[in-house]
Undergrad: 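Sharing a structure, written as structure tokens. Questions coming.
Below, chains carry the letters A, B, ... as their sequence lines are ordered, and counting in each starts from 1.
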Amino acid sequence: MTTLAEAPPKSTLSPSASNGDTQLLEVSMGPQHPSTHGVFRMDVSLDGETVVKLKPIFGYLHRNHEKIAENETYLGSMPYTDRLDYFCSITNNWAYALSVETLAGIVVPERAEYLRVITAELTRLQNHTCLAGFLMQDMGASGTPLMYAFREREKILDLFESLTGARMMCNYMRFGGCRVDLPAGWLEQAKTVVAAFPKFLDEFEALLNGNEILMARTQGVGVLSKELAINAGVTGPMLRASGVNYDLRKVDKYGIYDRFQFRIPLGDHGDVYDRYMIRVLEMRESVKILEQAMRDLPEGLIQDPKTKVRNFKPKPGEAYGRIESPKGELGFYLVSDGTPRPYRFRVRPPSLINLTILEDMCLGRNVADVVIILGSVDIVMGEVDR
Amino acid sequence: MDEGLKSELSKQGVVATNLQELYNWGRRNSIWPLNFGLACCAIEMIASTMARYDMARFGAEVFRPSPRQADLMIVAGTITKKMAPQVVRLYNQMPEPKYVISMGACAISGGPFKQGYNVLKGIDRYIPVDIYIPGCPPRPEALIDALMALQRKIDAQQLTGDSRPRHLNADEPSEFTVPKFGAHDLEPPQNPVVWHAPLVQIALAEDDDSGTA
């Protein structure tokens, strides 16, 4: 892979000498901006076109998620987790359910574990397609890639709707299992959707991967080094695009992920192109997991019968449950004091932590690059601000 | 003009209309929304412009990034107190005639996050809202239904008389006060020109003592 765009020399990274000809221009991008993926604001200092300073400003969507959860029963917080990362409600449910199950020592039945894997990997598929579509939208490919991505997303949302009753806010997991079992014919429909998915990916990749404009705009842009990625706590596809082999599905083997054959795609350069490619390759791996999980899905209970639904009071203690959400490591830290409400409820949002290195990736680039670098981070403001 | 005659003429290829109908017909079929998403509902708003739901059928697919070019603001999501001044400012920047759709539970009343200290309990405290869509989030069909309701509303507007729309009435305000951060809350907490607290009247029957000690 050749790098088309060269990184600018270091001298451009410092503000120009004040010889009267140049001065820094401060631009406020957001909170209403078509490419900030929600209500996010960046204060960008520009020397000509070059970014010399970038200050992210959050909090425009701070909805008191954690504080509300501390005044809510354990189960009552489950619908709120849907609205954290509103693209991937099911993986949010899973992370929260996992931490409560760790806290209370609940065992999940076999069939429920499979259902969780199936729904979570479907969530990953629709999140990654949309991310790729939005990234192309930010780059100026207005319409087509995003339309194709949403066409596929709608098929997956149809599955979610027939399973859980909601397109986006699924509220599907329960402590010790799942809320409902598969309706009749769901599995066949899901198999058809999953079987057709690689064809869509072929089409998507044929359109985009070798596209001259895409390569010129993304290769060598927003490079994130392995060291910085690890030091900043970056997780998920962002980290793997920088070449670090770290995927909680392999590291933690939570749920039943040790039963499936799949590989972890890794990037080489850590640039925007790699981050795009990682997502496409991960979708192919997710399809593999889905095929295996739907083939092996056993019969049985979907809910641990010993778990109390009403008046659920875990013993005093603390627990941290984490999963590999489509954005990265999503964790919930819970402290219980033996009452029906958690004493402390803390979310580790992958989007927020992946966003902390935004300035490092953007320095020395143009404003137009800032937009696509932000697009490649894959943020959802519901999760960043909570 | 007689409706029957009008439809008979239209079959002959003759269109009979008046200025008001023509004007409203043009406005209702080219509502350009502001490209402005706040939270979860924004995703459904995007989904409704995509291939399956295709808002372009109603002339409303041209999402403008600038409020100066937009006719319709879809308030799609939770408005926090940090964001509320910006929303009002964006509304003020839009040219008349302008309309507002309040999409989802959060934009109507604060929704599930209503108890939060940082959440505005409905955008109708600061700007006038034309259509409310309940749901968390509303489905794309609901947004399309709201758009059709807005089209009917535009269609029914009279160009003259007391009920004429705001943009033809110089006395009606078109910009509203942008709230500021005060010591404890946004100031003013609501705009009295726009918002009136809902009146709750509880009347007990003569022999009903259930509410009293």
Undergrad: Which one of Pro112(B), Gly37(B), Gly77(B) has the most heavy-atom pairs closer than 4.5 Å to chain A?
TA: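 Maximum pair count with chain A is reached by Pro112(B).
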
Undergrad: Going through the checks in order, is the side-chain contact (heavy atoms from CB on, under 4.5 Å) test met by Gln32(A) and Gln86(B)?
TA: CA-CA 8 Å; Gln32(A) 188 262 332; Gln86(B) 272 70 267; over 6 Å; no

Undergrad: Side chain, backbone, both or neither: which part of Leu90(B) has an atom under 4.5 Å from a heavy atom of chain A?
TA: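 Looking at Leu90(B), just its side chain touches chain A.
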
Undergrad: Which atoms of Tyr53(B) come close to chain A, meaning under 4.5 Å heavy atom to heavy atom: side chain ones, backbone ones, both, or neither?
TA: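 Contact with chain A involves the side chain of Tyr53(B) alone.
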
Undergrad: Write down the atom of Leu146(A), the atom of Met50(B), and the distance for their closest heavy-atom approach.
TA: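 Reported closest heavy-atom pair: CD2-CE, 3.3 Å.
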
Undergrad: Contact part of Gln137(A) toward chain B, heavy-atom cut-off under 4.5 Å: side chain, backbone, both or neither?
TA: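 Neither the backbone nor the side chain of Gln137(A) comes within 4.5 Å of chain B.
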
Undergrad: Determine whether a donor-acceptor pair (N or O, by modelled atom type, separation under 3.5 Å) exists between the side chain of Glu154(A) and the backbone of Ala51(B).
TA: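 No, because the side chain of Glu154(A) does not come within donor-acceptor range (under 3.5 Å) of the backbone of Ala51(B).
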
Undergrad: Give, as side chain, backbone, both or neither, the part of Ile57(A) having an atom under 4.5 angstrom from any heavy atom of chain B.
TA: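 Contact with chain B is through the side chain of Ile57(A) alone.
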
Undergrad: Find out whether Leu61(A) and Met83(B) are in side-chain contact, i.e. whether some heavy atom of one side chain is under 4.5 Å from a heavy atom of the other.
TA: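 The answer is no, as the side chains (C-beta and beyond) never meet within the 4.5 Å cut-off.
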
Undergrad: Begin with the C-alpha distance, continue with both residues' side-chain angles, and end with the deciding distance and a verdict on side-chain contact (heavy atoms from CB on, under 4.5 Å) for Asp158(A) and Arg52(B).
TA: CA-CA 12 Å; Asp158(A) 280 349; Arg52(B) 181 178 287 188; 2.9 Å; yes

Undergrad: Pick whichever of Cys40(B), Gly110(B), Pro65(B) has the most heavy-atom pairs under 4.5 Å with chain A.
TA: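 Highest number of pairs under 4.5 Å: Cys40(B).
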
Undergrad: Taking atom OH as the centre, does Tyr343(A) end up with more than 12 heavy-atom neighbours from other residues, nucleotides or ligands that are less than 6.0 angstrom away?
TA: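 Count not over threshold, so no.
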
Undergrad: For the CG atom of Asn64(A) and the OH atom of Tyr117(B), what is their distance to the nearest 0.5 Å?
TA: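 Reported value, rounded in 0.5 Å steps: 5.0 Å.
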
Undergrad: Mind ranking Ser66(B), Pro67(B), Ala47(B) by heavy-atom pairs under 4.5 Å with chain A and telling me who comes out on top?
TA: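 Counting heavy-atom pairs under 4.5 Å, the top option is Ala47(B).
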
Undergrad: Where does Ile79(B) contact chain A at under 4.5 Å (heavy atoms): side chain, backbone, both or neither?
TA: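 Neither part.
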
Undergrad: For Phe150(A), is it the side chain, the backbone, both, or neither that has a heavy atom closer than 4.5 Å to a heavy atom of chain B?
TA: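 For Phe150(A), side-chain heavy atoms alone lie under 4.5 Å from chain B.
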
Undergrad: Could you go step by step and tell me if Ile46(B) and Phe134(A) meet the side-chain contact (heavy atoms from CB on, under 4.5 Å) rule?
TA: CA-CA 11 Å; Ile46(B) 296 167; Phe134(A) 279 121; 3.8 Å; yes

Undergrad: Side chain, backbone, both or neither: which part of Arg63(A) has a non-hydrogen atom closer than 4.5 Å to chain B?
TA: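 Interface part for Arg63(A): both.
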
Undergrad: Is a salt bridge present between Lys82(B) and Asp385(A), judged by a nitrogen-to-oxygen distance below 4.0 Å?
TA: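 So Lys82(B) does not pair with Asp385(A) through a salt bridge.
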
Undergrad: I'd like to know which of Arg151(A), His65(A), Glu161(A), Met381(A) tops the heavy-atom pair count under 4.5 Å against chain B.
TA: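 Highest number of pairs under 4.5 Å: Glu161(A).
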
Undergrad: Verify the neighbour count for atom CH2 of Trp186(A): are there more than 12 heavy atoms of other residues, nucleotides or ligands below 6.0 Å?
TA: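 Yes.
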
Undergrad: Roughly how far apart are Leu157(A) CG and Arg139(B) CZ, rounded to 0.5 Å?
TA: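 Those atoms lie 9.5 Å apart.
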
Undergrad: Test Lys67(A) against Gln115(B) for side-chain contact (heavy atoms from CB on, under 4.5 Å), laying out the working first.
TA: CA-CA 10 Å; Lys67(A) 199 67 207 165; Gln115(B) 45 188 314; over 6 Å; no

Undergrad: Taking Thr80(B) for the side chain and His62(A) for the main chain, is one N or O donor matched with an acceptor at less than 3.5 Å?
TA: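 Not a single qualifying donor-acceptor pair exists.
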
Undergrad: Of all the heavy-atom pairs spanning Ile43(B) and Arg153(A), show the shortest one and how long it is.
TA: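 Minimum heavy-atom separation between Ile43(B) and Arg153(A): CG2-NH2, 3.6 Å.
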
Undergrad: Count the heavy-atom pairs under 4.5 Å between each of Pro137(B), Ala84(B), Cys106(B), Ala42(B) and chain A, then report the option with the highest count.
TA: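 Among the listed options, the one with the most contacts to chain A is Pro137(B).
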
Undergrad: Indicate the atoms forming the closest heavy-atom contact of Cys136(B) with Met169(A), along with that distance.
TA: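 What the structure gives for the nearest pair is O-CG, 3.7 Å.
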
Undergrad: Could you tell me which portion of Phe87(A) (side chain, backbone, both or neither) has an atom closer than 4.5 angstrom to a non-hydrogen atom of chain B?
TA: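 Side chain only.
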
